[in-house]
Every structure is written in C-alpha cells, then in structure tokens.
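Atoms within a ligand are numbered from 1 in the order they appear, just like the ligands themselves.
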Amino acid sequence: MRILATYSIKGGVGKTTSAVNLAREAAASGGRVLVWDLDPQGAATYFFRIRPKVKGGTQRLVSAKGDLVEHIRASDLPGVHVVPADFSLRNLDLHLDGSKRPIERLAALLAGVADRYDVALLDCPPSISLASESVFGAAGSLLVPVIPTTLSSRTLLQLSTFLATQEHPPALLPYFSMVDGRKRLHRETMAELRAEWPDLLPTAIPAASTIERMGPERAPVASYDPTSNAAAAFKQLWADIAARLWT
Ligand SMILES: Nc1ncnc2c1ncn2[C@@H]1O[C@H](COP(=O)(O)OP(=O)(O)OP(=O)(O)O)[C@@H](O)[C@H]1O
Ligand SMILES: [Mg+2]
C-alpha cells in the first residue's frame with residue numbers, strides 16, 4: 001500500500017479537492033483506495049457523502065485499542081473507501097501527544113489495513129503540528145498543491161526546509177493548483193518555480209468553475225462533468241503521480 005497525503009501548511013489551496021478527485025482517478029485505474037479524512041472540517045467526508053462520525057471519537061481511534069478497520073465506510077464511488085472525520089479530530093494533536101509514539105501512530109494504524117488497499121490518501125488540515133509530523137511518519141509522499149503566487153511558493157520552501165530536518169522525510173510532490181493562465185503573475189511564478197523545483201509534477205490543475213461545483217454535486221468532477229478540462233487534468237495528475245510511485 002502506497003501512503004500519500006494531500007498536505008500544505010497553507011489553507012485553501014486545493015488539498016481536499018485534489019484528494020477527492022485523485023482518489024476517484026486511482027480507483028478508476030483499478031486501485032483499491034482508502035481516503036482518510038484527517039481534517040475536523042470534514043470536507044472530504046462531505047464530498048464522499050458520508051456521515052461525519054469517528055466512532056468512539058478521535059481519542060479512542062488514536063489509543064492503543066484503536067483499530068482503523070472499524071472506522072472504514074464504503075463511498076458511492078466504486079473502489080473508494082473512507083475513514084470519515086468529525087469535530088473530535090480537532091483534538092488529534094492532544095490525543096497523539098498522550099500516546100506512546102505519536103510520530104509513529106498514524107503509520108501503525110495504517111499498517112493494520114495495508115493488505116486491503118493499494119493506495120491510502122490522507123487529507124490533511126492546513127497546519128504544521130504534531131499530527132502533521134505523524135503524517136510525515138506515515139506517508140511515502142506528500143502531494144502539495146501550489147497556487148502560483150508568492151505566498152504559496154514561500155510555504156513550499158518552508159515545508160521543504162522543515163522536511164530536511166527529518167530523518168526519513170516523505171518525498172515532496174508539488175504541483176500547481178488553481179492556475180489562471182490569463183494572469184501574468186501566475187505564468188511568471190510558474191516559470192520561476194519550475195526552474196527552482198525540478199520535482200514539480202508536469203500537470204497543473206486549472207482554476208475552473210466546474211471544480212467549485214463539487215460543493216453542490218458532492219462528487220468528483222469526473223462524475224458530473226467528465227469531458228471537462230478539469231476532469232482531464234486530475235486524470236493526468238494521477239498518471240504523473242503513479243509514474244513517480246510505481247517506477
Ligand atoms: N482548481 C480549482 N478551481 C476553482 N476552485 C477551486 C479549485 N480547487 C479548489 N477550489 C475551491 O477552492 C476552495 C478551497 O479548496 P479546498 O477545500 O480543496 O482547499 P484545501 O486546501 O483543502 O482547504 P483547507 O486548507 O481549508 O483544507 C473550495 O471552495 C474549492 O471549491
Ligand atoms: Mg481541505
């Protein structure tokens with residue numbers, strides 16, 4: 001099982017949007033996919049039309065008795081299962097802090113389902129905290145959406161500097177998100193960042209109103225607008241990621 005996390009220190013950059021669409025693409029290409037919603041906002045849980053409930057609360061899930069299997073729900077999408085979020089996840093840091101090996105805890109929980117899935121995709125809240133470090137301890141790769149503006153590129157640098165201090169850091173897989181090709185700043189920032197970050201994935205996700213419709217549709221773009229450029233971009237982005245993971 002490959003463990004990926006949509007992660008950024010910055011909020012509102014497209015982490016959850018990517019997690020939902022990439023989970024759909026991974027499953028469409030034959031993978032057994034588990035999405036773990038780690039954000040108390042529960043946006044991924046909402047998109048997958050699952051009731052926001054962590055049975056027994058986050059404290060129990062993270063405790064030595066915790067077992068990820070009992071939290072897994074099927075979604076409407078074939079091949080995609082979900083561990084939903086609820087508001088008790090806001091205390092994830094606190095409960096991890098009280099556990100024996102906080103940094104290894106999420107990895108240990110995921111190890112329990114490793115033979116059931118090909119891909120686990122963790123949708124993370126925007127922060128850098130003990131829970132993030134536990135994500136870094138579990139994930140082989142971080143999928144980092146980057147809006148091509150000055151602030152987003154700054155947070156990418158912050159993240160890479162932090163990861164460099166870790167013993168076994170996950171691979172950083174950044175890609176451009178919410179790109180508006182009509183904006184000169186976007187075009188210029190993309191050119192600069194591509195020169196600086198050779199690992200940037202080739203596919204960029206466009207800023208598109210059809211992506212915003214995921215809210216009312218509660219589904220990945222490919223479910224309601226399969227011929228759109230946005231749906232094609234997520235499919236291609238998954239192909240980029242799969243090429244990095246399985247070669
Ligand atoms: N490519 C896109 N084009 C247009 N709108 C987008 C795009 N990607 C995301 N959005 C919109 O931007 C908002 C933030 O997206 P999303 O929730 O995926 O970001 P996030 O990084 O998960 O946010 P948070 O940090 O709050 O978890 C949402 O309203 C979403 O519909
Ligand atoms: Mg999110």
Enquirer: Any nitrogen or oxygen of Gly11 lying under 3.5 Å from a nitrogen or oxygen in ligand 1? Just yes or no.
Expert: no
Enquirer: Which option out of Pro125, Ala230, Pro206 puts a heavy atom nearest to atom 2 (C) of ligand 1?
Expert: Pro206
Enquirer: Give the C-alpha distance, both sets of side-chain angles, the deciding distance and a yes or no for side chain to side chain donor-acceptor pair (under 3.5 Å) between Ser152 and Thr155.
Expert: CA-CA 5 Å; Ser152 285; Thr155 48; 5.0 Å; no
Enquirer: Does atom CZ of Arg90 have more than 12 heavy-atom neighbours from other groups under 6.0 Å away?
Expert: yes
Enquirer: Among all the protein's non-hydrogen atoms, which is closest to atom 26 (O) of ligand 1, and how far away is it?
Expert: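 The closest heavy atom on the protein side is Gln41 NE2, 3.2 Å.
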Enquirer: Specify the protein heavy atom at minimum distance from atom 30 (C) of ligand 1: its residue, its atom name, and the distance to 0.1 Å.
Expert: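 Atom 30 (C) of ligand 1 sits closest to the protein heavy atom Thr17 OG1, 3.9 Å.
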Enquirer: Stepwise, does the salt bridge (Lys or Arg N to Asp or Glu O under 4.0 Å) test hold for Lys53 with Asp86?
Expert: CA-CA 5 Å; Lys53 176 121 184 83; Asp86 72 13; 5.2 Å; no
Enquirer: Which of these, Leu110, Thr6, Asp37, Leu4, sits in a side chain to side chain contact (heavy atoms under 4.5 Å, CB included) with Leu122?
Expert: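 Exactly one pass, corresponding to Leu110.
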Enquirer: Check the surroundings of atom CD in Gln236: do more than 12 heavy atoms from other residues, nucleotides or ligands lie under 6.0 Å from it?
Expert: yes
Enquirer: Starting from atom 19 (O) of ligand 1, find the nearest protein heavy-atom neighbour and note its residue, name and distance.
Expert: Gly14 N, 3.0 Å
Enquirer: Give the atom numbers and elements of ligand 1 that come within less than 4.0 Å of a heavy atom of Met178.
Expert: 1 (N), 2 (C), 7 (C), 8 (N), 9 (C), 10 (N), 12 (O)
Enquirer: Under 2.8 Å from the Mg ion (ligand 2), can any N, O or S atom of Thr17 be found?
Expert: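 Of the N, O and S atoms in Thr17, none lies under 2.8 Å from the Mg ion (ligand 2), which means no.
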Enquirer: Run the numbers for me: atoms of ligand 1, each under 4.0 Å from some heavy atom of Ile205, listed by number.
Expert: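 Near Ile205, the atoms of ligand 1 are 1 (N).
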Enquirer: Starting from atom 20 (P) of ligand 1, find the nearest protein heavy-atom neighbour and note its residue, name and distance.
Expert: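 For atom 20 (P) of ligand 1, the nearest protein heavy atom comes out as Lys15 N, 3.4 Å.
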Enquirer: Are more than 12 heavy atoms, taken from residues, nucleotides or ligands other than Arg187, located less than 6.0 Å from that residue's CZ atom?
Expert: yes
Enquirer: With atoms numbered from 1 as shown, which atoms in ligand 1 lie under 4.0 angstrom from a non-hydrogen atom of Val13?
Expert: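 Going through ligand 1 atom by atom, the ones under 4.0 Å from Val13 are 19 (O), 20 (P), 21 (O).
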Enquirer: How long is the gap from CG on Asn21 to CH2 on Trp238, to the nearest 0.5 Å?
Expert: 12.5 Å
Enquirer: Distance to 0.1 Å, residue and atom name: give those for the protein heavy atom nearest to atom 24 (P) of ligand 1.
Expert: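 Among all protein heavy atoms, the one nearest atom 24 (P) of ligand 1 is Gly12 N, 3.5 Å.
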Enquirer: Counting heavy atoms only, name the option from Val179, Asn21, Asp180, Thr16 that's nearest to atom 17 (O) of ligand 1.
Expert: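 Ranked by closest heavy atom to atom 17 (O) of ligand 1, first place is Thr16.
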Enquirer: Set out, in order, the CA-CA distance, both residues' side-chain angles and the distance that settles side-chain contact (heavy atoms from CB on, under 4.5 Å) for Val221 and Met214, then state yes or no.
Expert: CA-CA 6 Å; Val221 179; Met214 283 174 66; 4.0 Å; yes
Enquirer: Report yes if Ile211 has an N/O atom closer than 3.5 Å to an N/O atom of ligand 1; otherwise report no.
Expert: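 N/O-N/O distance below 3.5 Å does not exist for this pair.
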Enquirer: Between the side chains of Tyr175 and Ser18, does any donor sit under 3.5 Å from an acceptor?
Expert: yes
Enquirer: Does the protein come close to atom 8 (N) of ligand 1 - that is, does one of its heavy atoms sit below 4.0 Å from that atom?
Expert: yes
Enquirer: Using the ring of each side chain (for Trp, its six-membered ring), is Phe162 parallel, tilted or perpendicular to Phe136, with breaks at 30° and 60°?
Expert: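 Plane angle between 30° and 60°, so tilted.
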Enquirer: Counting both backbone and side chain atoms, is some N or O of Ala207 under 3.5 Å from an N or O of ligand 1?
Expert: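 Not met; the criterion fails.
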Enquirer: Which distance, rounded to the nearest 0.5 Å, do you find between the NE2 of His71 and the OG1 of Thr58?
Expert: 8.5 Å
Enquirer: Do you see a protein non-hydrogen atom under 4.0 Å from atom 4 (C) of ligand 1?
Expert: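 Yes, there is a protein heavy atom closer to it than 4.0 Å.
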Enquirer: Looking only at protein heavy atoms, which one is nearest to atom 31 (O) of ligand 1, and how far off is it?
Expert: Glu212 CA, 3.8 Å
Enquirer: Just jot down the ligand 1 atoms closer than 4.0 angstrom to any heavy atom of Asp39, in number order.
Expert: 27 (O)
